[in-house]
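Keep in mind it's a predicted model, so treat the numbers as computed, not measured. Side chains included, hydrogens not; waters and symmetry mates left out as well; all remaining heavy atoms used.
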Amino acid sequence: MARNAEDIWFAEKVRRAGFPDVPAFAAHFNLKPYRLAQIYRAAAKELADDVGSVTPLPKELRAQLADGGFTFDSVTPVLVQRSGDKQTSKGLFRLADGAEVEAVLMEHYGDRNTVCISSQAGCAFACAFCSTGQAGFTRNLDAGEIFDQARYFARELAAKNKRITNIVFMGMGEPFHNYDSVMDAVALLHDPHGLGLGHRHITISTVGLVDKIDSFADEHLQVNLAISLHAPNDEIRSAMMPVNRKFSLEEVLAACERYVDKTNRKIFFEYVMLQGVNDSEENARELAARMKGHLYHVNLIPYNTTPGASYAGTEQEKIWRFAGILEAAGVPVTVRQNMGRDIAAACGQLRADTQPKVLKEDARV
Ligand code: SAH
């Protein structure tokens, strides 16, 4: 059964404080439902750092809760870097058990503030071009740990009278490999009593786990789906994405068709441009043939060079030519631009579409 955001939020916090469930926690501190609502709202909407600063609560209650090990933040910033142009901030966060994840804030000129968050510490999928994938899997994040990355940047923005406008699950990890917690995190991000982010302003990016694409279609959420395609055929895709040996390109695209049929929502396909690997004109034509005639949008992503990687990025001019071939075939395409390159922003991989090519407003994520 779907839980509401307040229940999701409390479930983890009380477990960390050593209680089996919310009723046991509420009974222990003699908390009426309105008190629970006050606490939740202080964290989720007012972005309070900790229970000590929640002034509507009696002082002794605040002290009791704090002494009882009840804390708000499940992530602690260890390092926050800002790009030279101040548009991009990357945070490295430590979790209670010492695991670390990254999240990135991109403040686009104008009024778009996108936060890229991690759903897992590390990643199990080992895509050859991805630095997170190369480092292996540590563990799943719980919904609170995912939500708190957003809360951290929401607080930074609030100090400047700004707010998060978009969330992308494009940090570390594979969101569909941590499906339930990611769905819970979406509920937290969306809750009107909290951050209140519209579903259409949230994007989940996946390597293409077919069973989970089907489950996601059944959620009937307006959340955007992005598929990391990166190749026009199985030969190229399997060589850099081991997951393709489990779910072939054909199977992933069949799941995408089922998703569009069911939801009538557009799917975004991410395609990292790797020199000599997937960037020829023939590759573009093959990709166009697969994308054509569907409710699909291709995002071409310049490769973010990672230390020790054996890949090189395609040169910009060639990326535009590749885009031109897709465009000529009638496939909507955007060429993304790097942000925060000077701080290796976004988990060594994040991109933002600051330079749209063929772009309608709703294609922006
Ligand atoms: N596991 C999810 C989220 C990963 S990160 C997924 O695979 O979609 C979001 C995107 O960044 C993915 O498309 C991923 O393939 C891409 N990416 C990873 N490393 C990159 C790099 N070095 N340069 C550019 N994009 C990269």
Side-chain angles (χ1 to χ4, degrees), residues 2-16 40 43-45 47 71-78 80 89-106 113-125 132 137-157 163-191 193-199 201-207 209 212 215-216 219 221 223-226 346-347 349-350 365:
R3 297 183 295 164
N4 73 32
E6 188 182 309
D7 292 342
I8 293 167
W9 188 81
F10 268 109
E12 279 139 9
K13 307 289 172 202
V14 308
R15 220 177 298 131
R16 265 203 200 98
Y40 168 67
K45 188 166 188 95
L47 309 169
T71 51
F72 278 12
D73 272 327
S74 53
V75 306
T76 311
V78 215
V80 180
S89 308
K90 172 163 109 158
L92 178 68
F93 298 94
R94 188 164 297 145
L95 313 176
D97 64 353
E100 288 178 346
V101 295
E102 293 174 2
V104 178
L105 164 67
M106 287 160 291
N113 302 305
T114 303
V115 176
C116 169
I117 54 181
S118 295
S119 56
Q120 300 179 313
C123 185
F125 289 85
T132 306
F137 180 66
T138 306
R139 71 163 169 90
N140 278 331
L141 267 53
D142 64 40
E145 290 168 330
I146 299 171
F147 181 55
D148 281 346
Q149 298 165 51
R151 233 167 56 88
Y152 174 83
F153 284 116
R155 202 182 290 140
E156 276 217 339
L157 286 168
R163 52 193 297 278
I164 297 176
T165 59
N166 298 73
I167 292 273
V168 296
F169 283 84
M170 295 188 183
M172 291 178 165
E174 165 52 40
F176 280 175
H177 188 219
N178 185 16
Y179 188 88
D180 292 341
S181 297
V182 166
M183 289 306 131
D184 281 351
V186 167
L188 287 174
L189 294 164
H190 176 66
D191 184 20
H193 298 299
L195 288 184
L197 266 152
H199 281 149
H201 295 259
I202 299 174
T203 298
I204 296 178
S205 178
T206 175
V207 287
L209 305 185
K212 296 300 191 300
S215 309
F216 186 61
E219 308 275 352
L221 294 172
V223 171
N224 299 304
L225 176 63
C347 322
Q349 46 201 305
L350 195 76
V365 293

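Side-chain N or O atoms of Lys13 include one that pairs as donor or acceptor with a backbone N or O of Phe72 at under 3.5 Å. Asn113 contributes a side-chain N or O that, together with a main-chain N or O of Arg163, makes up a donor-acceptor pair within less than 3.5 Å. His190 contributes a side-chain N or O that, together with a main-chain N or O of Leu197, makes up a donor-acceptor pair within less than 3.5 Å. Between the side chain of Gln149 and the backbone N or O of Ala103 there is no donor-acceptor pair closer than 3.5 Å. Under a 3.5 Å cut-off, the side chain of Asp191 and the backbone N or O of Glu6 do not form any donor-acceptor pair. Remark: side-chain polar atoms of Ser118 are paired, donor with acceptor, to backbone N or O of Glu102 under 3.5 angstrom.
The two atoms that bring Pro77 and Tyr152 nearest to each other are CG-CE1, 3.6 Å, heavy atoms only. Ser74 and Arg16 make their closest contact through CB-NH1, 3.5 Å (heavy atoms, listed as atom of the first residue, atom of the second, distance). Minimum interatomic distance between Leu92 and Glu100 (heavy atoms only, all atoms of both residues): CD2-OE1, 3.8 Å. Val182 approaches Ser119 most closely through the heavy-atom pair CG2-CB, 3.8 Å. Residue Ser89 comes nearest to Phe153 through the heavy atom pair O-CZ, 3.9 Å, listed as atom of the first residue, atom of the second, then distance. The two residues Thr203 and Ala226 come nearest to each other via the heavy atoms CG2-CB, 4.0 Å.
Annotation: side chain of His199 is in contact with side chain of Val186 (closest heavy-atom distance under 4.5 Å). With contacts defined as side-chain heavy-atom distances shorter than 4.5 Å, the pair Ile202/Leu221 does not qualify. Within the 4.5 Å cutoff, the side chain of Thr206 has no heavy atoms near those of the Phe169 side chain. Here the side chains of Leu95 and Val75 are in contact, with some heavy-atom distance below 4.5 Å. Side-chain contact check for Val78 versus Thr76: every heavy-atom pair is 4.5 Å or farther apart. You'll find the side chain of Phe93 stays beyond 4.5 Å of the side chain of Ile117, heavy atoms only.
A distance of 8.5 Å separates OG in Ser215 from CE in Met183, rounded to the nearest 0.5 Å. Atom CG of residue Asp142 and atom CD1 of residue Ile8 lie 11.5 Å apart, to the nearest 0.5 angstrom. With values rounded to the nearest 0.5 angstrom, Lys212 atom NZ is found 14.0 Å from Leu225 atom CG. Of the inter-residue distances, the one linking Ile164 atom CD1 with Leu189 atom CG reads 7.5 Å to the nearest 0.5 angstrom.
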From CA spacing to verdict: salt bridge (Lys or Arg N to Asp or Glu O under 4.0 Å), Asp97, Arg139: CA-CA 11 Å; Asp97 64 353; Arg139 71 163 169 90; 2.6 Å; yes

Intermediate values then yes/no, side-chain contact (heavy atoms from CB on, under 4.5 Å), Tyr179 and Glu219: CA-CA 12 Å; Tyr179 188 88; Glu219 308 275 352; 2.6 Å; yes

Step-by-step side-chain contact (heavy atoms from CB on, under 4.5 Å) determination, Leu195 to Leu47: CA-CA 9 Å; Leu195 288 184; Leu47 309 169; 3.8 Å; yes

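Note on ring orientation: taking the six-membered ring where Trp is involved, the planes of Tyr40 and Phe10 are tilted (angle from 30° to 60°). Using the six-membered ring where Trp is involved, Phe176 and Phe216 have ring planes that are tilted, between 30° and 60° apart.
Gln120 pairs with exactly one of His177, Glu174, Glu145 by the side chain to side chain donor-acceptor pair (under 3.5 Å) rule, that one being His177.
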